[in-house]
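Numbering of ligands and ligand atoms starts at 1, following listing order.
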Amino acid sequence: MTDRRRFLRNLGLAASGAFLAGCDRISQSESGTRVLESAEWLTRRVQRIVSPSTALAREFTEADISPVFRPNGTTMPQTALYQSLMKNQFRDYRLGVEGLVERPGEFSIDQLRALGERTQITRHDCVEGWSAIGKWQGTPLAALLAHVGVKESARYVMFHCFDEWGEDTPYYESIDITEARHPQTLLAHSLNGAPLPVANGAPLRLRVERQLGYKHAKYLRSIEVVSSFEDIGDGNGGYWEDNGYEWYAGI
Ligand SMILES: Nc1nc2c(c(=O)[nH]1)N[C@H]1C(S)=C(S)[C@@H](COP(=O)(O)O)O[C@H]1N2
Ligand SMILES: [Mo]
């Protein structure tokens, strides 16, 4: 853990401790959860102050690339739609773009590539305690958002995935608009110079380099620009968030 992360964590704990000490009854109630969430929100605000929203995640060299980029979570989506796209080498794949945008639409990988391209060698950190360094190539999400035109009321970008965890529960994730426009936030189509392997999220996945692995949604089906994610899934902004993980997973 870096000193900065430790500092932020302590600050988060101190803040929630201060709230809870004075509000024992609230901590037992439903609004107690909200107090804890506000501490997480505070951590994010402080992290933004300590490291500005434009700070880049560290980038590495070709020599640092891990021989194997370990796949994790879903490695082969079982849904009929995904299976049929895969049989055709994803030639019919289109990313849906919807929600609070001026020009919603569907984009092939080639259309996305025409909007812009970035390559970056970064380290992926999973909460389960492993890391891997890989070279990612893709379209900056900022370029796609500029192309479709984001409406004033937009606050978050949701990522809807092809794979399901349990019946009718697709994996999903979300980030805020600032993170979405960060230069290293990519819709990646390639890993280490080759099209994404299925195990790592083919044909398109998110890279959001300043956050933990579970934020990097694989198997992207569509993205949706929203003002709130209260009504999506269980309302916590992501599949793992609905199962207790933090929404802001800064490294
Ligand atoms: N759609 C989808 N995205 C996902 C997951 C998943 O199961 N499904 N797992 C997450 C987790 S916990 C991690 S660590 C990374 C793993 O990416 P990798 O398979 O390329 O290593 O993907 C993330 N994105
Ligand atoms: Mo992970």
- line: In short, ring pair (Phe, Tyr, Trp, His ring centres under 6.0 Å) pairs touching residues 184-205 with sequence neighbours left out are none
- prompt: Is it true that the side chains of Glu164 and Thr169 contain a donor and an acceptor less than 3.5 Å apart?
  reply: no
message: Under the side-chain hydrogen bond (donor to acceptor under 3.5 Å, both in side chains) definition, can you give me all pairs with a residue in residues 217-232, not counting sequence neighbours?
response: His160-Glu224
field: Every residue of the protein that comes under 4.0 Å of ligand 1, judged on heavy atoms
entry: Phe69, Arg70, Pro71, Asn72, Gly73, Thr74, His124, Cys126, Trp130, Cys161, Asp163, Trp165, Tyr171, Ala199, Asn200, Arg205, Gly213, Tyr214, His216, Ala217, Lys218, Tyr219
Gln120-Arg118 side chain donor-acceptor pair, cut-off 3.5 Å: yes
query: Going through the checks in order, is the side chain to side chain donor-acceptor pair (under 3.5 Å) test met by Arg207 and His124?
result: CA-CA 9 Å; Arg207 295 301 306 170; His124 177 104; 3.1 Å; yes
query: Can you name the residues that form a side-chain hydrogen bond (donor to acceptor under 3.5 Å, both in side chains) with Asp110, not counting sequence neighbours?
result: none
